[in-house]
Q: 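Sending over a structure as structure tokens; questions will come in a sec.
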There are 2 protein chains.
Amino acid sequence: MLPFFGHEKVSIDSNGRVKLSPRFASDFREYGNGNGQIVLFCLPEGGLAVYPEEIFLQMRRAEAHPAERAAESLLQRRKMRLSGAMTHSDSISNQGRITIPHFLREHTGLHPNIQSVMVGVEIGLEIWTLETWASEFGKARNHANEKGELEMASDLYCSKKINKGDEKL
Amino acid sequence: MLPFFGHEKVSIDSNGRVKLSPRFASDFREYGNGNGQIVLFCLPEGGLAVYPEEIFLQMRRAEAHPAERAAESLLQRRKMRLSGAMTHSDSISNQGRITIPHFLREHTGLHPNIQSVMVGVEIGLEIWTLETWASEFGKARNHANEKGELEMASDLYCSKKINKGDEKL
DNA sequence: ATTTTTAGTCCATTTTATTCCATTATGCTC
DNA sequence: GAGCATAATGGAATAAAATGGACTAAAAAT
């Protein structure tokens, strides 16, 4: 079974918690020592990312000597400020629930009693409100379509080039 | 659990003290021998940095041979003057509170009875007034967003460039 | 149709936040 | 130098909120 694929509607309960589907819950259990350690963070695009802690650490492994670099670099401080401010470390509850902390509700629109969608993204999950998901999905698809058209066009130009080259001979 | 992540609103009491959330308090306890030794200093951007003493020492360690260099360098003397003047060593009280010294209130705007925000920055905390945080966060996020848009545009531009190159042939 | 799984709601317990008060320290005036 | 006044620190208590768990209803699968 491929982990973290598919998407499904979920609702956020009155306490700001979401329940994972059995499928996604077991995907998380396969990481780490099965303790369900996860990391939540707000994506710049407006969704909420939910990754196994192991995956998150892989993503950030590049950063060496953060303290020394922060001392002398504004860029480094701002990077850490953004990722620090928008990230939350947590674990999945015994009942398979995730509590979305307040500060992440603000920026993602994932408030209590909101309908939302849980999307598998191969290395973890993303949670979006129905509206932001529609918008983001549209953008991603448009970009892919545009690039596809460019590829098709490029394929024709290549053939034309060959013909032109032949003409000159 | 990853330390020093997330952010939350805090208020400064009438005596100029802030209370740490249990999460952040325990993050500090994990450093040193659990004595809660911290270092406060004013960031160039206007926030108040709160780091475990250990982390602060790492940051300063980057400066090699300070005595020798101070003897012959005005630049070095001024650097040390700035960081010396803007830094305060303290510890976390039994109730998890930090008193902000007067000279740091001036430069950060963190006066008694002010609403502020406590931000985890991976190696420690930062405290900002709501206004300065909104401004600083905006700058950091705009930079990141702009970079993201450039990446998307660049992805299309590469395809276009190939086509244009073909046209000229 | 029955049984098992899942989602949602509600309640109890624990944790956390805020406010207020008491004690101690510091500084100023007489 | 003594006493008073003001500020600071530490601590406790009360109120609010969040967490975890259980129960019920509904849906799905056998």
Side-chain angles (χ1 to χ4, degrees), chain A residues 1 6-29 34-40 48 50 88-106 108 110-120 125 127 129-130, chain B residues 1 3-29 34-38 40 48 50 88-106 108 110-120 125 127 129-130:
Chain A
M1 287 272 226
H7 75 277
E8 59 200 39
K9 281 187 185 166
V10 292
S11 68
I12 300 171
D13 76 8
S14 58
N15 297 314
R17 304 178 288 193
V18 287
K19 181 154 189 164
L20 294 174
S21 69
R23 175 73 177 273
F24 283 146
S26 88
D27 289 343
F28 277 111
R29 253 180 264 118
N35 52 10
Q37 282 294 311
I38 57 170
V39 176
L40 313 180
L48 177 71
V50 187
H88 175 75
S89 167
D90 202 352
S91 62
I92 297 176
S93 80
N94 291 336
Q95 300 206 6
R97 294 191 289 203
I98 295 174
T99 301
I100 303 173
H102 282 103
F103 69 89
L104 289 175
R105 297 178 198 175
E106 316 273 318
T108 56
L110 296 168
H111 295 286
N113 307 310
I114 285 278
Q115 278 292 110
S116 59
V117 54
M118 197 172 267
V119 185
L125 294 182
I127 307 175
T129 66
L130 293 184
Chain B
M1 289 270 221
F4 297 125
F5 277 94
H7 73 277
E8 61 201 36
K9 281 186 185 164
V10 292
S11 65
I12 301 173
D13 75 10
S14 57
N15 298 313
R17 303 177 291 189
V18 287
K19 179 157 188 162
L20 295 175
S21 69
R23 179 74 177 268
F24 284 147
S26 87
D27 289 344
F28 277 112
R29 254 179 264 118
N35 52 10
Q37 281 296 312
I38 57 170
L40 312 180
L48 177 70
V50 186
H88 173 76
S89 170
D90 202 352
S91 63
I92 298 175
S93 80
N94 290 335
Q95 298 210 2
R97 292 191 287 207
I98 295 173
T99 301
I100 302 173
H102 283 101
F103 71 92
L104 287 175
R105 295 179 198 176
E106 314 279 319
T108 56
L110 297 168
H111 295 287
N113 305 311
I114 285 279
Q115 278 292 108
S116 59
V117 55
M118 197 171 267
V119 185
L125 294 182
I127 307 175
T129 66
L130 292 184

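Everything numeric in this text was worked out from a predicted model, so none of it was measured.
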Q: Please state how far atom NE2 in B:H111 lies from atom P in D:dA8, giving the value in whole angstrom units.
A: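 It is 14 Å, rounded to the nearest whole Å.
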Q: Go nucleotide by nucleotide along DNA chain C from the 5' end; which of B:R97 and A:P22 gets its closest nucleotide reached first?
A: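 The answer here is A:P22.
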Q: List the atom of B:R23, the atom of B:M1, and the distance in Å for their closest heavy-atom pair.
A: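 Scanning both residues, the minimum pair turns out to be NH2-SD, 4.1 Å.
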Q: If I take atom CD in residue A:E8 and atom C1' in nucleotide D:dA28, what distance separates them, rounded to the nearest angstrom?
A: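 Result: 15 Å.
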Q: Measure from NE2 on A:H88 to C1' on D:dT19 and round the result to the nearest Å.
A: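 It works out to 12 Å between those atoms.
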Q: For the residue pair A:L104 and A:L110, establish whether any side-chain heavy-atom pair is separated by less than 4.5 Å.
A: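 Result no, sub-4.5 Å side-chain heavy-atom pair not found.
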Q: If you define the side chain from C-beta out and look only at heavy atoms, does anything of B:I92 sit under 4.5 Å from B:R29?
A: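 The answer is no, as the side chains (C-beta and beyond) never meet within the 4.5 Å cut-off.
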Q: Round to the nearest Å and state the distance from A:M118 atom CE to C:dA7 atom C1'.
A: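 Whole-Å distance recorded here is 13 Å.
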Q: Who are the ring-ring contact (aromatic ring centres under 6.0 Å, His included) partners of B:F4, not counting sequence neighbours?
A: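 B:F4: ring-ring contact (aromatic ring centres under 6.0 Å, His included) contacts with B:F28.
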Q: Where the side chain of A:N15 is defined as all heavy atoms beyond and including C-beta, which of D:dA12, C:dC10, D:dG10 is the nearest nucleotide?
A: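 Out of D:dA12, C:dC10, D:dG10, the nucleotide with an atom closest to A:N15's side chain is C:dC10.
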Q: Answer whether the closest heavy-atom distance between the side chains of B:L130 and B:K9 falls below 4.5 Å.
A: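 Yes, close enough: below the 4.5 Å cut-off.
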Q: Quantified as the angle between the terminal helix axes (five pairs each), what is the overall bend of the helix from C:dA1-D:dT30 to C:dC30-D:dG1 to 10 degrees?
A: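 Axis angle across the helix from C:dA1-D:dT30 to C:dC30-D:dG1, nearest 10°: 20°.
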Q: Ignoring the backbone of B:S93, work out which of C:dC10, C:dA7, D:dG10 is nearest its side chain.
A: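 Selected nucleotide (nearest to the side chain): D:dG10.
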Q: Round to the nearest Å and state the distance from B:K19 atom NZ to C:dT16 atom P.
A: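 Value for this atom pair: 10 Å.
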Q: Phosphate oxygens OP1/OP2 of D:dA17: is one of them under 4.0 Å from a side-chain N or O of A:H102?
A: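 No, because none of the side-chain N or O atoms of A:H102 sits under 4.0 Å from OP1 or OP2 of D:dA17.
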Q: What is the separation between atom CD on B:Q115 and atom P on C:dA17, rounded to the nearest whole Å?
A: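 After rounding, the reported distance stands at 13 Å.
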Q: Nearest 0.5 angstrom please: B:I98 CD1 to B:S93 OG, how far?
A: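 The distance works out to 8.5 Å.
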Q: Hey, is the side chain of B:Q95 pairing donor to acceptor with the base of D:dG11 inside 3.5 Å?
A: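 Check passes, donor-acceptor contact within cut-off.
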Q: Please figure out whether A:D13 or B:K9 has its closest DNA chain C nucleotide nearer the 5' end.
A: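 Its nucleotide being nearer the 5' end, the pick is A:D13.
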Q: Using atom CG of B:N113 as one end and atom P of D:dA7 as the other, report the distance to the nearest whole Å.
A: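 Answer to the nearest Å: 14 Å.
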Q: Any side-chain N or O of B:N94 below 4.0 angstrom from OP1/OP2 of D:dG11?
A: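 For D:dG11, OP1/OP2 do have a side-chain N/O of B:N94 under 4.0 Å.
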Q: Side chain of B:S21: nearest nucleotide among C:dG8, C:dA17, D:dA22?
A: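 Selected nucleotide: C:dA17.
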Q: Looking only at the side chain of B:R17 (C-beta and beyond, no hydrogens), which of the listed nucleotides D:dA8, C:dT16, D:dG11 gets closest?
A: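 Comparing D:dA8, C:dT16, D:dG11 against the side chain of B:R17, the answer is D:dG11.
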Q: Can you tell me if B:H88 has over 12 outside heavy atoms packed within less than 6.0 Å of its NE2?
A: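 It does: B:H88 NE2 has more than 12 such atoms within range.
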Q: How long is the line joining CZ of A:R23 and P of C:dT6, in whole Å?
A: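 It works out to 13 Å between those atoms.
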Q: Testing A:N113, A:T129, A:I114, A:I127 one by one against A:I12 for a side chain to side chain contact (heavy atoms under 4.5 Å, CB included), which residue passes?
A: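 By the side chain to side chain contact (heavy atoms under 4.5 Å, CB included) criterion, A:I12 pairs with just one of A:N113, A:T129, A:I114, A:I127: A:I114.
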Q: Considering every strand and a 4.0 Å limit on heavy-atom distances, what is the contact class for A:S11: base, sugar-phosphate, or nothing?
A: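 The residue A:S11 makes sugar-phosphate contact but no base contact.
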